[in-house]
Structure formats: structure tokens, C-alpha cells
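What follows is a short report on a single structure.
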Amino acid sequence: MPPADDFDEAIRLSLDSYNDEKREREDYERDLKRVKLDSQQMLRRGGAHAHDHDSVIDSSHDDAHTAHNLRITQPITFKASPYSFHPPFLSPPIRFDLWTDACVQCSSTRSRIEITNILTNYFRILIRSDVDSLLPSLWLFSHQLGPPYEPNELGIGGHVLNRSLKDVTSISPSKLRQLHHKLGDIGDVAFEATRNRISVIEPKPLTVDAVYSTFLSISQQKGPRSQETKTNLVKKLLVSAKGEQARYLFRSLVQNLRIGAVRTTLSTALARAFAMHYHVSIEESEMAEVVEATGKRARDGEHTRRVEEKLTGAEKVVRRVYARHPNYNTLVKALRESGLDGLEDSVPVSVGTPVQPMLGAITRSFDDVLTRLRHRPFTSEAKLDGQRCQLHARVLSASDTLSEEYVCKGWKSSPFDRIGEQCMVWIRLFSRRLEDMTEKYPDICLSVLEMFKTNPSITSFVVDAEIAAVDDTGRVRPFQELANRSRKAVQMDDVHVKVAVYAFDCMLYNGEPLLDKSFRERRQTLRTNLAPFTFGNCARWDHVPSTDDTHLDAITAFFHQCMSMKAEGIMVKLLDYYEEAEGDYGGDHDADEDTKKKSPSKQKALPATYEPDKRADSWLKVKKDYIAEIGDSMDLVPIGAWHGMGRKNKFWSPILLAVYDDDEGAFTAVCKCMSGFSDAFYDSLNRVYAEDGPNTSSTPFAGVQVGDLNPDIHFNPFQVWECRGADITQSPVYPAAKGMVGEKGLSIRFPRFIRCREDKHVEQANTASDLARMYQLQAE
DNA sequence: CAAGTTGCCTC
DNA sequence: CTCGGAG
DNA sequence: CTCCGAGGAGGCAACTTG
């Protein structure tokens, strides 16, 4: 029991907040009623739909109706180059319409430079006026509410958004569906449905921070009736947002802003904004020298050049730091406190924060591999078909003082004795997109614990690995089996799909970051300190199979060996930093004759360091299905399609494809395809399969079996398309070859269009039995 | 309480 | 994961 | 060469609905 006056104070406070909430709710309900009334009147006048769709996208800016209502400040043009833009001071809190303006302006151009400028200048205004709104803005731009390894999903989609639109604007669901088809973007629907809303009393303008907070609140709703609560929160926002604000609010809610800027551009803009803020000033004395040497006229150009140089430098630093520690919370905090100086040290690679994984560049032939890495020492590793995993582990001793929060987020072992001291091991596993998947793999956590127990010299590590499903004899199983694992709160007893860890890189060992070491050194650290082992119920710890032989026959032999162990292909990795001297052809390769002619004597210097988030040329990905001679293609028949969304909203996309079932003379759906088509081909499809032409229908053509799929339009099956895929999968939805291999149908992984086979008739397409045979073949 | 739907994540 | 478009 | 955004199959988890 608290003392009396504290108690009174507590009562008073809770009453206050109760009254606040009540008032807020009443405000909201009044606004909602008014808005509904407005939109009903508008509908009666036919206002919302009088505009044809071509005018919808582009009219936003010059349309007098949209701009004035929720805006008090004059529109600001952000796109000027940072050195000619002077950020105005706006009184905090920064309003949502400013954020929306930035989105609108980004969407109005395709120039990457302009988009970067717009975001840079937007950030500069915030740094100057309301730096607390910087992080919320960043999160909204980045389609996230926080770092990816923390749980903060919105958990809403088209359903909640459509219901909110229906409730707030009173437009019928069928009308909304129609708009959605026509516009191909839920945000554009929200724009259309709210653009002409006229309110007698303006609702209070939204602030960036309020929108972000509401998003957070949406993400935290859980349990029964949570969808309803979420809908109400969205409605509350929608009442105060119309036109462009509603458009970007909704796009934000489906995490698809389409402003031509995501991660890289955001980091760049952030860097440039802070660089401008902190040290844009080029010393006058510096410039005086320029004037003396080259005259007054050259001064401005030179000044600009020097500023640009500083900005580019800042960009590099921030992008590098972000790739190694991808968390805007930490990054922005450091930038606010000490700017760009010492950023690398204040935001370091750390155990517990995943680094962006390094990626491999696609390579389409072995010759290509040799051309790029010729004469350089490299290794080839099996590219197993599993799941990428970044393991973070460190020992916690009694003397460690760690925040409760930090420890709770990882897997914590029970105490054990080590060099006469009680300690525990703390572990976290991250996926390729940096999601926390520690709970999915308790068996791997046990393996890691075992390593710490048996090797007392280990104190911490960060390791890159592939997790694959394995059978009892240790052979790798297909990806589909790995996918059957449960994901949440898995106990050791619940593990039904055995896995093994195939480590291939080590980014940190015993507190020392190794990213800037060569791959050979990193691999050595991995091999000598974290050796393969099998123990009890632990997942087997292994190193990925590899060969260092760089001869063409050795690589191809290794590739085929990898194929036989069901790998997707190989990863070829440079081992050491290597700078080729001018004209140095070095040793000799068997298969070099062609490539030698093509490539000049000078080759680009390549680093063998760990380059987070870069599709660096020092890692080359070679997969079976990239190589035309090895991968197999199929001839399929287009039987239907959907209305494309976004950029493809004037095209048919995706397109439903079928195999020919020779037994029944039928076409059965096997997969959808949306990749590999050029815009020109899409255009031709609009003619061949015109909506009201002879080759389309709203019901399936005779002999076409679509299963439970429901395409917007059905095609007359008369064409044959060559398509490629990585492999065949068992399918719970597609009817193709159903019953020929187990209960399920079959489908195709990573389907893409290659070309139209004008020379083939539909009877010559691949058949259901072809498909079944191919499936058997790949499963041995 | 079981079945169906959708979100979000892997590749 | 795939691909094409565009700067 | 780099960045973006169209969207593919599939499977678990969590919610709503019957």
C-alpha cells in the first residue's frame, strides 16, 4: 500500500488519463460520423468515381482539391541538391503531411539522385526541427517498426484495410474490389476513396510520431478480437488522413511504399543529411587558395565538388557501419551524439547483432568463373539446399553484467563449471533476413553449448552457416523437409526433423571481428577452433564440403559431386586479396584460351574480406538451373491470369500455366509464372489475350482444370511456352499430376518464362506423366 | 473445438 | 529465391 | 553495375468462423 498522498496522486493521474481517453474516443467517433456522412454525400453526387483512372496517378499534385485541406504549411520542394537547399525550421512535432510530401515527391521521379536528395533534405529538416521524429520517419520509410530481429510485425493485410475503408468511407466492398483491380494498389484505392472528402471541421492533423506509435500499437495487439482492435486503430488514422496521406498510410501498412527507395538509399540519405548538418562547411581559407589559383569563376564549382566529396565519404561510412550493425536505433543515436566521427567504433560489429550476410553474384558458366577469378587462389564450396544461419554465441561469466533484456532475447544454457568458474552460454541464431530464429533450433543451441564446454579457450564467436535437414545416416534431405520444422518455442522433444549445421565462415572469434581478414584466414580460424563433431541429441556440427583445386575439370567434378548430394550448386570464393600486376598472366589454365583474349591484362583488384550486404564478385554462385545445358526446362500451356499490381497493373501477371494430361486430354494447372517476361511481351499478351477477345473467358475453357485456383481471367489453351525452374515440388494446391506421386499434386520451384514456342502445338507440351517422372528422377 | 483464412517467413 | 527496368 | 519492386512455391502460426 502506497502512502496516502501518493495514492491520491495515482488516482488523480489515472482519472486524468481516463478522461483523456474518453475525450479522444468521443472526438474520434464524431470525426468518423462526419467523415462517413461526407463520403456518402460525395457518392451520391458521384464525385469519387467521376475521374477516370489515367488521371488518378498523376493528378495528385496539380489537383487543387487534394493539397489544401490537411495542410497548413506551404508545400516544400525537397529535390534540390543538398548544398543549395536550406532546411527551414518547422515547429515540432513534425506532421505526417511532411513525410507524405517526401513520399509524393520521391514517386514523382525515377532519378535515383533526385530521390536521394529528397530524402536527404527531408531528414535535414527533421535534424534541424524535430530530431525525435527522425527515427519514426526512418522506420516508416523502411517498412519496419524496428530492427528485423525483434518481433514487430503489423499482422494486418488487405482484409483489415478494406474493412477500414468500407467503414470509414461507406463505399461498398464490391466497389472497393473493382477499384483495387483497376488501380492495382491498395494505397491508390485509399487515395481514390478519400480524395474528395470534404469535412466541415478539419480533424486534428496527424504527426509522424503519432502514426508510428499507432503502428507499434497495432503490432502489439494479440489474441481473440485483436483483428477488430487493429481495424479500429487503422480507422482512427484514416479519419485524419485523406488523399495522398491516406495513400501512403495504406502503402505503409502493407509495407510497400513504392517510392523507389529502400535500405541502401535510406542509409545514403541519412549519411548525407548528417554530413550536411555536421561538417559541410568548407573552410574559407581552403577556398581562398582555389580562387587564387583558378580565379573567382571556378570557386563555386570547386566548392560544390568538395562538398560532394565529403558527402560521398559520409555515405560510405554510414553504409558500411549499417551493414555491420543494421539497427537504425543504434545508428541514429550515435549520429545524434557524436556525428560521423568515430562512428565505426561507436557502432561496432557485436555479438548479438547480426551483420548483413554477404551474398554471391550469379554466374552462368564455369568459363565465367575462371574469367573472373583467373589465376587467383579460390575455393569451391557446396551450396546446400537449406537455410542460411548466422550463429552468435558468447560465454557469460558470473562477473558479466548484462541487461536482463539482452539475456532474455537469446538462448541461455544452464550453468556449468569452466576453469573453476561458474558460467553459462548465451546464443542467438539469425536467418538470412536477420530474423531471430533461435527458438526454432534448440538442437543447434545444444551443439554450440557443447563446443564451449569441450573447448575452454572459446569465449565468443559469430559464424555463417547453412542448416540442412539430414536423415539418420547423415545424408542431406530436401528443402521441403527442413520447412516442416516447427518455428516457435520448440523443445528438444518436439524436434522431428533432424538437421546439421554446415559452417562456412567466421566473422568474429573471441571478441575479435574478422571481417577485414582474408577468407583464408577466417576459414582457418573456423577450422582450427570450431571443428566438426557429433554428440548425443545435438545437431551435427560440420564444415561445408569444399575443394581448393582451381582447375576446370576439378571444379566441374566437384560440382557434379555436389549435385549427387542434392546441393543446389556451388559457391566459388576468393581466398586471398590479390592484385594482379600489369601484364601479368601468371600460371596457366587448361581452359583459358578464349577468356584470355577477351580480358585485358588488367583485372580489377578484389578483396577477399567479408563484405556484408554486398553481392561481391569475390563470391560467385553457380547453380544447376542457371546453366542452360544442365538445367531442364518444360513446355507449358498458359490457361489463365490475374490483373497485375503496381508497376504491372496494365498487364496480365501472374499467368497460370498447365501441363497437358494425355490420359484425359485435359490441361491441369501446375504453377503461376511472373518472371522472365519483358514489357514488350506483356504488351503482346494484352493483344493475344484481350479481355473481350476470342481467347479469353470468365469461365474455364473446355478441358482446363484449375483446381481451387481462381484466376481473374481464363485463357484459351493454344500456346506453348518454354519455362525453367529449379526443381519440382509436392504441392498442396496444384492439381497437376495429382495421385501420380503420393496424394498431392506437383508444382515447380522458382518458375520463369524463357520463350514462346511458336513451333509447338498444345498436344506437344509436357505432360503430367513427364512431370511425375521428373519428380521421381530428382528424388532418386 | 475443428476448419478455413491470412500473415509472414523460408527459399 | 527469380527476373526486367532504369539510372 | 547497382538498386528497386514486380511476384513464384510452400509451410507454420495465429486468428476468425462455422
Side-chain angles (χ1 to χ4, degrees), chain A residues 106 109-116 143 148 151 153-160 184-185 221-230 254-266 268 359 361-362 383-389 431-437 440 466-467 478-490 497 568 604 614-617 621 623 625-626 642 644-649 651 653-657 670-682 708 723-734 744-754:
Chain A
C106 284
T109 176
R110 263 170 161 145
S111 155
R112 283 179 5 202
I113 293 169
E114 244 174 58
I115 290 173
T116 310
H143 307 138
E153 289 74 40
L154 282 166
I156 56 170
H159 224 71
V160 165
D185 182 310
Q221 305 303 322
K222 281 185 178 55
R225 289 170 61 80
S226 57
Q227 292 304 99
E228 198 181 318
T229 319
K230 290 182 185 201
V254 290
Q255 352 227 308
N256 190 8
L257 235 35
R258 300 175 51 215
I259 57 171
V262 285
R263 212 182 37 228
T264 326
T265 315
L266 281 180
T268 306
L359 310 168
I362 290 179
K383 190 177 187 309
L384 298 163
D385 193 3
Q387 179 173 29
R388 184 93 176 254
C389 177
S431 72
R432 188 204 136 126
R433 300 232 315 257
L434 310 187
E435 297 285 328
D436 185 346
M437 54 174 189
K440 183 176 173 182
E466 188 78 9
I467 298 171
F479 177 78
Q480 262 189 313
E481 282 185 34
L482 180 68
N484 280 329
R485 277 195 57 134
S486 313
R487 290 195 296 246
K488 295 234 165 140
V490 180
V497 181
E568 295 179 287
K604 215 169 65 182
K614 281 201 187 134
R615 209 168 278 279
D617 277 344
K621 185 165 59 163
K623 282 172 70 170
D625 60 300
Y626 298 155
W642 285 262
M645 306 285 272
R647 200 186 78 78
K648 298 192 179 174
N649 92 83
F651 304 134
S653 176
I655 288 163
L656 187 59
L657 299 173
V670 65
C671 68
K672 287 183 270 192
C673 186
M674 44 134 299
S675 199
F677 304 109
S678 66
D679 281 14
F681 188 76
Y682 278 124
D708 289 335
C723 299
R724 190 182 286 278
D727 41 35
I728 319 275
T729 56
Q730 292 209 18
S731 170
V733 299
Y734 288 94
K744 291 176 167 179
L746 296 176
S747 188
I748 297 170
R749 183 145 82 138
F750 309 142
R752 63 254 196 209
F753 171 80
I754 304 295

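Each chain gets a letter, A, B and so on, in the order its sequence line appears, and its residues count up from 1.
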Selected nucleotide, minimal atom distance to [X] side chain, candidates [options]:
X      : options               : answer
A:S747 : D:dC4, C:dG7, D:dG10  : D:dG10
A:K672 : D:dG8, B:dT10, B:dT6  : D:dG8
A:T729 : D:dA6, D:dA9, D:dG5   : D:dA9
A:S678 : D:dC3, C:dG4, C:dA6   : C:dG4
A:R258 : D:dA6, D:dG10, D:dA13 : D:dA6
A:M645 : B:dC11, C:dG4, D:dA6  : D:dA6
A:Q387 : C:dT2, B:dC11, C:dG7  : B:dC11
A:R110 : D:dG10, C:dA6, D:dC15 : C:dA6
A:P654 : D:dG7, C:dG7, D:dG10  : D:dG7

Of A:M674 and A:R647, the one whose nearest nucleotide on DNA chain C sits closer to the 5' end is A:M674
Separation of atom [atom1] in [X] from atom [atom2] in [N], rounded to whole Å:
X      : N      : atom1 : atom2 : result
A:L657 : D:dG8  : CG    : P     : 12 Å
A:D185 : D:dG5  : CG    : P     : 12 Å
A:I259 : D:dG5  : CD1   : C1'   : 12 Å
A:D679 : D:dG5  : CG    : P     : 16 Å
A:H143 : B:dC8  : NE2   : C1'   : 15 Å
A:I728 : B:dC11 : CD1   : C1'   : 16 Å
A:E114 : C:dA6  : CD    : P     : 16 Å
A:F651 : C:dC3  : CZ    : C1'   : 15 Å

- Determine the interatomic distance between P on B:dC11 and the same-named atom on D:dA6; round to the nearest Å.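 Between the two P atoms, the distance is 22 Å.
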Would a distance-only check, ignoring hydrogens and angles, find a side-chain to backbone donor-acceptor pair under 3.5 Å from [X] to [Y]?
X      : Y      : result
A:R485 : A:V497 : yes
A:Q221 : A:K230 : no
A:T729 : A:S731 : no
A:Q730 : A:L746 : no
A:S431 : A:E435 : yes

5'-most contact on DNA chain D (nearest-nucleotide basis), A:C673 vs A:K744, goes to A:C673
Assert: residue with more 5' nearest nucleotide on DNA chain D, out of A:R263 and A:E228, is A:R263
Ignoring backbone atoms, establish whether [X] has a side-chain N or O less than 4.0 Å from OP1 or OP2 of [N].
X      : N      : result
A:Q730 : D:dG10 : no
A:K488 : D:dA14 : yes
A:S653 : D:dG7  : no
A:R749 : C:dT2  : no
A:K623 : C:dT2  : yes
A:N256 : D:dG7  : no
A:S675 : C:dG4  : no
A:K222 : D:dA13 : no
A:R487 : D:dC12 : no
A:N484 : D:dC12 : yes

May I ask you to decide if the ring planes of A:F651 and A:Y682 are parallel, tilted or perpendicular, using 30° and 60° as cut-offs?
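If you compare the ring of A:F651 with that of A:Y682, the planes turn out parallel.
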Classify [X] by what it touches in the nucleic acid, base, sugar-phosphate, or nothing, heavy-atom distance under 4.0 Å.
X      : value
A:L154 : sugar-phosphate
A:G158 : sugar-phosphate
A:F677 : sugar-phosphate
A:A261 : sugar-phosphate
A:I156 : sugar-phosphate
A:K621 : sugar-phosphate
A:M437 : nothing
A:L359 : nothing
A:R485 : sugar-phosphate

(message) For D:dT2, does the base pair up with any side-chain atom of A:R112 as donor and acceptor (N or O, under 3.5 Å, distance only)?
(response)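 Between D:dT2 and A:R112, which were checked side chain against base, a qualifying N/O pair under 3.5 Å is present.
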Rounding to 0.5 Å, atoms CZ (A:R388) and CG (A:L434) come to a distance of 10.0 Å
Electrostatic pair A:D625:A:R752 at N-O distance under 4.0 angstrom
yes
What one should report as the nearest heavy-atom pair of A:P751 and A:S675 is O-CB, 4.1 Å
